[in-house]
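Okay, structure first, notes after.
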Amino acid sequence: MYFVLLSVLALLSACHCEDEKKENHCGLLRQLLESSQVSVEIHKKGFHREVVTTIELGPDVLSWVRVLLLHRWPRGIYLDPYQLATLSDQSDWHILLDSSIDLEVPAHKTSGFVAYVYPTSDGPTPGLLKVAIPIHGRYHEPSFDGKAFTSVDLEPSELLLRTETCKQLNNFEPHTVMNAPCTADNSSMCLWVKLHNQQEQGPAILQFPVGDGSLVTSVCGGTLLITVVCCVALSKYVWEHRII
């Protein structure tokens, strides 16, 4: 009788300690969200740029914290999947794209997409993380109002955190709870908590050159004229020398 009673008490005590441990991890996760910061820098110029994101987590980062960096790319930007596959073998990050990327289509015939960036290490999450992603500008429609450049707004990246030991994520207001792939394998979905007010600055504005639409007629006419002249000259040369 006493043995059964002691066993039940021990079991209840263990459950209570486990609940306290999970609750403690929820509190630590909330503190981590409050102390973390994300900054973004744009390197290089022209159609080929590099987005460098720096993540500064709190000083008490434990192994149970999982990190996800979410980028929402506009339609004027694309990532080269073949380039990313090469870089993933040389870096500490894996990148998952939510849709296929066509490298050839112009900006006005495509749409934006999302990239999920995961650390490759399964060990403790370091307090300072940095990831550099090469991006490329798409060709845009020519301008008919004399503008030589067009603007593309690049929204700041979003930091998402999760832990297996905290299930009470609905109480994390004002932080946003959202579904996202658990890992870069995209085999399952998990709940993540998004860092609130990550940056005071607005979106980065990228400038890309565009063609002059008023020159379309003259350029097409000149190209056609040169093509005809070259064809006539080539035909005359072939006829005179009896090449065919």
Side-chain angles (χ1 to χ4, degrees), residues 18 21-22 25-26 28-30 32-33 36-40 48-58 60-75 77-105 110-136 138 154-170 172 175-196 198:
E18 184 68 21
K21 181 179 178 181
K22 291 182 179 180
H25 279 184
C26 290
L28 291 175
L29 181 60
R30 184 183 297 276
L32 191 60
L33 287 166
S36 300
Q37 295 182 355
V38 178
S39 60
V40 178
H48 308 287
R49 313 282 184 98
E50 188 178 58
V51 178
V52 179
T53 304
T54 302
I55 304 171
E56 298 181 32
L57 299 174
D60 299 325
V61 183
L62 303 179
S63 59
W64 43 263
V65 177
R66 294 293 175 260
V67 175
L68 168 59
L69 195 62
L70 189 148
H71 287 273
R72 302 183 187 274
W73 304 107
R75 64 180 186 175
I77 296 292
Y78 74 90
L79 306 184
D80 187 342
Y82 306 101
Q83 183 183 24
L84 295 179
T86 302
L87 293 177
S88 64
D89 297 333
Q90 308 170 1
S91 65
D92 298 328
W93 296 86
H94 282 316
I95 298 180
L96 171 66
L97 305 178
D98 74 333
S99 61
S100 60
I101 305 296
D102 192 328
L103 307 183
E104 304 297 332
V105 297
T110 186
S111 58
F113 63 99
V114 175
Y116 304 96
V117 186
Y118 301 85
T120 57
S121 176
D122 293 330
T125 303
L128 180 64
L129 299 168
K130 181 173 291 189
V131 55
I133 301 178
I135 64 173
H136 309 278
R138 291 190 181 275
L154 189 61
E155 296 293 336
S157 55
E158 303 173 10
L159 175 63
L160 285 77
L161 303 176
R162 75 175 181 89
T163 172
E164 298 289 349
T165 55
C166 178
K167 305 299 183 180
Q168 303 173 0
L169 298 181
N170 293 328
F172 272 75
H175 303 286
T176 303
V177 178
M178 58 182 294
N179 266 309
C182 300
T183 63
D185 296 334
N186 197 21
S187 58
S188 59
M189 302 294 287
C190 292
L191 286 178
W192 297 79
V193 184
K194 184 174 71 173
L195 186 64
H196 185 62
Q198 299 179 53

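Below, all heavy atoms of this structure are taken into account, side chains as well, without hydrogens, waters or symmetry copies.
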Can you find a pair of side-chain heavy atoms, one from L70 and one from M178, that are under 4.5 Å apart? yes
Test ring-ring contact (aromatic ring centres under 6.0 Å, His included) applied to H136 - qualifying residues, sequence neighbours left out: H48, Y78
Answer yes or no: is there a side-chain heavy-atom contact under 4.5 Å between D80 and I101? no
Are the side chains of V114 and W73 in touch, meaning some heavy atoms are under 4.5 Å apart? no
Output the distance between atom CG (L129) and atom CD1 (I55), rounded to the nearest 0.5 Å. 5.0 Å
When you measure from the side chain of S187 to the backbone of T183, do you find a donor-acceptor pair of N or O atoms at a distance under 3.5 Å? no
Between T53 and H71, which heavy-atom pair has the shortest distance, and what is it? OG1-CE1, 3.6 Å
If we only count heavy atoms from C-beta on, is the I133 to L79 side-chain gap below 4.5 Å? yes
With side chains defined as the heavy atoms from C-beta onward, is the minimum distance between S157 and V38 less than 4.5 Å? yes
With sequence neighbours excluded, residues passing side-chain contact (heavy atoms from CB on, under 4.5 Å) with P181: L96, Y116, Y118, N186, M189
Give a yes or no on whether the backbone of V193 and the side-chain of R162 come within a donor-acceptor separation of less than 3.5 Å. no
Evaluate the side-chain proximity of V65 to T163: yes if any heavy-atom separation is below 4.5 Å, no if none is. no
Salt bridge check: are E158 and K194 linked by an N-O gap of less than 4.0 Å? yes
Beyond-backbone contact of L161 with L68, side-chain heavy atoms, under 4.5 angstrom: no
